[in-house]
Amino acid sequence: MQGAGEVFNEAEDILDEHDKALLATSASVKKEKAKPIVDELYQWLLKHKDKMALGEAITYAINQFEKFRRYLDDGRLSIDNNRAERAIKPFVIGRKNWLFSNTCNGAHASAILYSLVETAKANDLVVHDYISTCLQRLAEQPDNLEPLLPWNIKQS
């Protein structure tokens, strides 16, 4: 029985081997190489669900297994949700940081800065460079805000 880490590594190897661009090929390769591993994992879970202290967790895994198997059928799907986790990480970190915005003005300033950072990211700008440029130009021309919008910086 392979461990979960080996299953994840096998899935990533499959994607790397086939250049991640050939989605249909990726799905067929997943079925060929990863499906036996996934099926073996499912049988192991069924066999051990009542024998271990982790029985409740194993039962949960069994109940979710059909959803887990979907990644085998679609070459666009990854075996894990790391991409989604990375996308929401700034919100999670921000949520903890916002606890320190103990005044309305502090919360407002944090919201403005966070909005600038996320808008810069959405416009494919390097955040540090964008903020530096904004601060420099604001010092020179504090009333000229239009050229500082991320889509205008990008164009210039």
Atom [atom1] of [X] and atom [atom2] of [Y]: how far apart are they, to the nearest 0.5 Å?
X	Y	atom1	atom2	value
D73	K35	CG	NZ	9.0 Å
Q64	L45	CD	CG	12.0 Å
H128	T133	NE2	OG1	9.5 Å
E56	K49	CD	NZ	13.0 Å

Query raised in the report: Under 3.5 Å, is there a donor-acceptor pair between the side chain of H48 and the main chain of W44?
Result: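 A pair under 3.5 Å: yes.
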Query raised in the report: So, does S115 use its side chain to make a donor-acceptor pair with the main chain of A111 at under 3.5 Å?
Result: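 No; judged by distance alone, with no hydrogens or angles, the pair does not exist.
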Query raised in the report: Between T119 and Y130, is any pair of side-chain heavy atoms under 4.5 Å apart?
Result: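 In short, these two side chains do not touch, never coming nearer than 4.5 Å.
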Query raised in the report: Are side-chain heavy atoms of L138 and L145 found at a separation under 4.5 Å?
Result: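 Yes; the side chains approach each other to less than 4.5 Å.
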Query - Shortest non-hydrogen contact from I153 toward L148 - result: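 Heavy atoms only, the tightest pair is CG1-O, 3.7 Å.
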Report task. Mind listing the closest non-hydrogen atom pair of F68 and I79 along with its distance? Result ->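 Where F68 meets I79 most closely, the heavy atoms are CE1-CG1, 3.8 Å.
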Report task. Test P150 against every option in L116, N123, V127 by the side chain to side chain contact (heavy atoms under 4.5 Å, CB included) rule and name the one that passes. Result ->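 Output: one option passes, namely N123.
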Query raised in the report: Is it true that E118 and K121 make a salt bridge, defined as a side-chain N closer than 4.0 Å to a carboxylate O?
Result: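 Result for this pair is yes, salt bridge flagged.
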Query raised in the report: Is R70 salt-bridged to D74, cutoff N-O under 4.0 Å?
Result: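 No, this pair does not count.
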**Report entry** Audit row: D39, R69, side chain to side chain contact (heavy atoms under 4.5 Å, CB included) steps and yes/no
**Finding:** CA-CA 9 Å; D39 291 342; R69 284 183 197 257; 2.5 Å; yes
Query - Full working for side chain to side chain contact (heavy atoms under 4.5 Å, CB included) between I37 and L41 - result: CA-CA 6 Å; I37 297 167; L41 173 62; 5.7 Å; no
Query raised in the report: Are D80 and S78 close enough that a side-chain donor and a side-chain acceptor fall under 3.5 Å?
Result: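 S78 and D80 do have a side-chain donor-acceptor pair below 3.5 Å.
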Query raised in the report: Can you get from I62 to Y71 by hopping between Ile, Leu, Val, Met, Phe, Trp and Tyr side chains that sit under 4.5 Å apart?
Result: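 The answer is yes; both residues are in one hydrophobic cluster.
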Requested in this report: State whether the number of non-hydrogen atoms from other residues, nucleotides or ligands found under 6.0 Å of Y60 atom OH is greater than 12.
Outcome: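 No.
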Requested in this report: Could you tell me which residues satisfy side chain to side chain donor-acceptor pair (under 3.5 Å) with Q43, sequence neighbours excluded, listed by chain and number?
Outcome: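 Scan of Q43 (side chain to side chain donor-acceptor pair (under 3.5 Å), adjacent residues dropped) gives none.
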